[in-house]
There are 2 protein chains.
Amino acid sequence: MVHMKLEKLAVNIKHFRMQNGWTQQDLADKLAISRSVVTKWENRTAVPDVASLLKIASLFELSLDHLTGSFAYEQEMLKDFQRVYGQNKVGLDQELYQNIDYLRSHPKMKEYLNRIQALPEKKQESIQKILEAMLDQYEQL
Amino acid sequence: MVHMKLEKLAVNIKHFRMQNGWTQQDLADKLAISRSVVTKWENRTAVPDVASLLKIASLFELSLDHLTGSFAYEQEMLKDFQRVYGQNKVGLDQELYQNIDYLRSHPKMKEYLNRIQALPEKKQESIQKILEAMLDQYEQL
DNA sequence: AATTGTTTGTTCTTATATAGAACATATAGT
DNA sequence: ACTATATGTTCTATATAAGAACAAACAATT
């Protein structure tokens with residue numbers, strides 16, 4: 001089974017590949033592997049081994065942490081964030097940072113969150129219930 | 001086959017394990033794997049898969065780049081700071097800041113967001129669609 | 001709209017490399 | 001020297017990734 005944290009790797013490989021204007025074939029060629037493997041990496045039906053991971057990061061000129069989406073310097077950024085937003089010194093945890101990053105990269109979700117915020121508390125609660133049910137189901141599949 | 005660049009990984013695993021005063025067994029337990037695997041990692045007769053790599057880094061509280069000895073990350077970090085904070089003076093827009101506040105005061109929503117993040121992109125999209133439909137409706141009432 | 005070419009996704013098989021267990025060898029403390 | 005603890009090695013089975021061939025989108029051109 002694929003580790004939770006590997007979720008972002010697949011997305012990132014695809015993202016950076018496309019950002020470079022490469023096809024899966026292009027990337028496969030550069031890595032000297034077959035194209036279908038790249039497809040699988042991107043669709044989370046396979047996970048590259050560490051050696052490939054290093055090559056990919058090198059090709060994209062990325063740190064491993066960027067490539068995998070596990071930002072080593074989260075804490076540093078968190079500190080900086082706290083410095084900038086002095087009013088909120090406490091309570092910013094690591095998880096929250098991930099939320100921030102997620103919202104930044106998923107503007108739609110950000111929009112929905114905003115709209116939820118704007119709703120009255122009761123409606124929010126009912127949305128939460130539905131969300132929970134949905135998630136329970138999706139996580140099963 | 002072991003990639004050249006993986007040389008340091010083995011050494012580092014051992015180094016940080018010992019720095020923590022852990023035996024191979026300790027580390028194996030924490031990773032829920034057998035001890036002999038750790039031995040092999042450290043002696044370069046095997047290479048951990050990416051999921052394990054992430055776990056190890058997390059256990060040692062290290063960046064992947066540190067763990068693997070590929071320190072390209074300072075440059076990346078700089079880039080990222082510019083990306084996040086360079087856009088305007090404060091970097092994170094006010095809206096996002098409100099989102100953060102909201103998530104902090106609504107831990108359930110935060111939880112759901114985390115769980116959504118963990119889902120594959122396609123499922124996320126389908127959740128988004130449902131969310132959108134729901135919001136459209138709730139906002140009417 | 002049909003056709004071609006391109007890109008991406010899937011299925012199946014094979015091969016390989018890892019995990020784990022058992023065994024073997026250190027290393028340390030008494 | 002003798003345990004106990006820690007590490008290293010060998011062997012086998014298994015899991016999983018790689019590749020090939022096939023299939024399906026998708027785009028562009030006529």
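Proteins get letters first, then strands, A, B, ... in listed order; numbering begins at 1 in each.
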Next item on the list: Round to the nearest Å and state the distance from His15(B) atom NE2 to dT7(D) atom P.
Entry: 15 Å

Check: Which residues satisfy the side chain to side chain contact (heavy atoms under 4.5 Å, CB included) test with Glu125(A), sequence neighbours excluded?
Finding: Glu121(A)

Check: Nearest-Å distance, CH2 (Trp22(B)) to C1' (dT7(D))?
Finding: 18 Å

Notebook entry, point to check: If you look at every strand shown and take non-hydrogen atoms under 4.0 Å, does Thr39(A) touch a base, only sugar-phosphate, or nothing?
Noted result: base

Next item on the list: For Glu42(B) and dA19(C), give me the distance from atom CD to atom P, rounded to whole Å.
Entry: 13 Å

Check: Quick one: does Gln19(A)'s side chain get under 4.5 Å of Phe60(A)'s, heavy atoms only?
Finding: no

Notebook entry, point to check: When the distance from CZ of Arg44(B) to C1' of dT9(D) is rounded to whole Å, what number comes out?
Noted result: 17 Å

Item checked: Close side-chain approach of Val50(A) and Asp49(B), heavy atoms under 4.5 Å -> no

Next item on the list: Measure the distance from CG on Asn43(B) to C1' on dA24(C) and round it to the nearest whole Å.
Entry: 15 Å

Next item on the list: Not counting sequence neighbours, which residues clear side chain to side chain contact (heavy atoms under 4.5 Å, CB included) with Ser126(B)? List them please.
Entry: Tyr138(A)

Next item on the list: Find the distance Gln25(B):CD to dT27(C):P and express it as a whole number of Å.
Entry: 19 Å

Next item on the list: Rounded to the nearest angstrom, tell me the gap between atom CE in Met18(A) and atom P in dT7(C).
Entry: 11 Å

Notebook entry, point to check: For Gln24(A) and dA25(D), what is the distance between atoms CD and P respectively, to the nearest whole Å?
Noted result: 16 Å

Between the protein and nucleotides 18-24 of chain D, which nitrogen or oxygen pairs are less than 3.5 angstrom apart?
from: dA18(D); atom 1: OP2; to: Trp41(A); atom 2: NE1; distance (Å): 3.3
from: dA18(D); atom 1: N7; to: Lys40(A); atom 2: NZ; distance (Å): 3.4
from: dG19(D); atom 1: OP2; to: Ser34(A); atom 2: N; distance (Å): 2.7
from: dG19(D); atom 1: OP2; to: Ser34(A); atom 2: OG; distance (Å): 3.2
from: dG19(D); atom 1: N7; to: Ser36(A); atom 2: OG; distance (Å): 3.4
from: dG19(D); atom 1: N7; to: Lys40(A); atom 2: NZ; distance (Å): 3.4
from: dG19(D); atom 1: O6; to: Lys40(A); atom 2: NZ; distance (Å): 2.4

Next item on the list: Report the distance from atom CD1 of Ile127(B) to atom NZ of Lys108(A), rounding to the nearest 0.5 Å.
Entry: 14.5 Å

Note to self: Membership question, hydrophobic clusters at under 4.5 Å side-chain separation (ILVMFWY): are Met18(A) and Ile56(A) in the same one?
What the structure shows: no

